[in-house]
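Notes to accompany the following structure.
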Amino acid sequence: MAESPNIPIKVVRLCDLEYFPDGVRFIYCGSDGAVICDATNLGIINRLKDADNRHIDSCAVSPASKRVAGSVRSRFGGGINVWDVEINELLLHIAEDELRINSEKPILRGRTLRFSPVDSNVIASGCGDGTISLINISDNSFTHFTWAAHSDCVTNVIFNNIGTELVSSSDDGSVKHWNIKGELIKVLLEQEDNTEPLKGH
């Protein structure tokens, strides 16, 4: 049930948007946390609960529309939250340090997240330290495999349509093709050393 379907949505700082697969709802995240909205009436349906009121940089919706993952950060620490949307309950918080393989390398950007298109228990996450994590959720716990993928921030990561391979992009100028074991299949794009950055007009 919508909180207020006739009142315009006001956002302090918006970081990410994603439609639910059902096409009826969308979610936005940012300084307000994560908010699920009615795509027709633009009313707020639900605000996902987080006891620490963390800022959410990015979000992802599971293929069955039952779960949402968010890349969170606050004075309490960052990481990934996974919610059960149907009961508005935080299922799992994965602390940032649990996923990192080099805690000394600075993180300059929030994580990018993507659910497997065939398995709502599997999430791919690209990190600001250049690593990719493949996370498998089971009840209130998780396992993960993290590998060094890029020399700079991972800006996006996507699955193929059967969830067996990944493509990642990075601020290092490269786009890479992986299998889900973290083995590099091919470098699809690599920025040359003498390439000048794009400039606005």
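Atoms considered below: every heavy atom in the structure, side chains included; atoms not considered: hydrogens, waters and symmetry mates.
- Residues D38 and T40 share a closest heavy-atom pair of OD1-N, 2.7 Å.
- The main-chain N or O of R100 is never found under 3.5 Å from a side-chain atom of D97 such that the two would form a donor-acceptor pair.
- Nearest heavy-atom pair, K181 versus F145, reported as atom, atom and distance to 0.1 Å: O-CE2, 3.0 Å.
- Screening I27, V61, I44 against I36 for a side-chain contact (heavy atoms from CB on, under 4.5 Å) leaves a single residue, I27.
- With rounding to the nearest 0.5 angstrom, the CD atom of E165 is 11.5 Å from the CD1 atom of I158.
- Sorted by first and then second residue, the salt bridge (Lys or Arg N to Asp or Glu O under 4.0 Å) pairs involving residues 15-31 (not counting sequence neighbours) are D22-R25.
- In terms of modelled atom types and a separation under 3.5 Å, the side chain of S116 and the main chain of V118 share a donor-acceptor contact.
- A donor-acceptor contact shorter than 3.5 Å is absent between the side chain of N41 and the backbone of G43.
- Looking at S168 and W178, their side chains do bring a donor and an acceptor atom within 3.5 Å of each other.
- With rounding to the nearest 0.5 Å, the separation of SG in C59 from CZ in F26 is 10.5 Å.
- Rounding to the nearest 0.5 Å places CG of D171 at 5.0 Å from CG of D152.
- In summary, the side chains of T155 and S170 do not present any donor paired with an acceptor at a separation below 3.5 Å, with no hydrogens or angles considered.
- Under the 4.5 Å side-chain criterion, counting only non-hydrogen atoms from C-beta, F142 is in contact with L99.
- Taking 4.5 Å as the limit, some side-chain heavy atom of I137 sits within range of a side-chain heavy atom of R67.
- What you find for I101 and A148 is that their closest heavy atoms are CD1-N, 3.9 Å.
- Side chain to side chain, R111 and S125 meet the donor-acceptor criterion of an N or O pair below 3.5 Å.
- Panel note: side chain S62, backbone S120; no donor-acceptor pair is recorded below 3.5 Å.
- At distances below 3.5 Å, not a single donor-acceptor pair connects side-chain atoms of R47 with backbone N or O atoms of A34.
- Among all heavy-atom pairs drawn from V154 and H150, the shortest one is CG2-CD2, 3.9 Å.
- Interatomic distance, CG of L166 versus CG of L134, reported as 6.5 Å (0.5 Å rounding).
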Working for side-chain hydrogen bond (donor to acceptor under 3.5 Å, both in side chains), residues N88 and N46: CA-CA 8 Å; N88 190 15; N46 215 349; 3.2 Å; yes
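- F20 and I87 fall into different hydrophobic clusters, defined by Ile, Leu, Val, Met, Phe, Trp and Tyr side-chain heavy atoms under 4.5 Å apart, directly or through other members.
- The shortest distance between side-chain heavy atoms of I56 and S58 does not fall below 4.5 Å.
- Rounded to the nearest 0.5 angstrom, E86 CD and S65 OG are separated by 9.0 Å.
- Contact annotation: the side chain of E96 approaches that of C127 to within less than 4.5 Å [non-hydrogen atoms, C-beta and beyond].
- The only option from V82, N140, V72 that meets the side-chain contact (heavy atoms from CB on, under 4.5 Å) definition with H93 turns out to be V72.
- Residues A69 and I80 share a closest heavy-atom pair of CB-CG2, 4.5 Å.
- Ion pairing between K66 and D84 fails under the 4.0 Å rule for side-chain N and carboxylate O.
- Considering only heavy atoms from C-beta on, R114 comes within 4.5 Å of F159 through its side chain.
- Within the model, atoms SG of C37 and CG of L17 stand 9.0 Å from one another, a figure rounded to the nearest 0.5 Å.
- Exactly one of V122, I123, N121 qualifies for a side-chain contact (heavy atoms from CB on, under 4.5 Å) with F115. That residue is I123.
- Hydrophobic clustering of Ile, Leu, Val, Met, Phe, Trp and Tyr side chains at less than 4.5 Å, counting indirect connections, keeps L92 apart from L48.
- You'll find the side chain of N179 stays beyond 4.5 Å of the side chain of T164, heavy atoms only.
- Under a hydrophobic-cluster definition in which Ile, Leu, Val, Met, Phe, Trp and Tyr are linked whenever side-chain heavy atoms come within less than 4.5 Å, directly or via other members, L184 and I132 are assigned to the same cluster.
- The main-chain N or O of K176 is never found under 3.5 Å from a side-chain atom of K186 such that the two would form a donor-acceptor pair.
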Checking L91 against W83 for the side chain to side chain contact (heavy atoms under 4.5 Å, CB included) test, could you report, in this order, the C-alpha distance in whole Å, the side-chain angles of both residues, the deciding distance, and whether it holds? CA-CA 5 Å; L91 295 176; W83 290 272; 5.9 Å; no
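- Using a 4.5 Å cut-off on side-chain heavy atoms (C-beta onward), V157 and V167 make no contact.
- A donor-acceptor pair is defined here as one N or O able to donate and one able to accept, closer than 3.5 Å; no such pair exists between the side chain of N136 and the backbone of T143.
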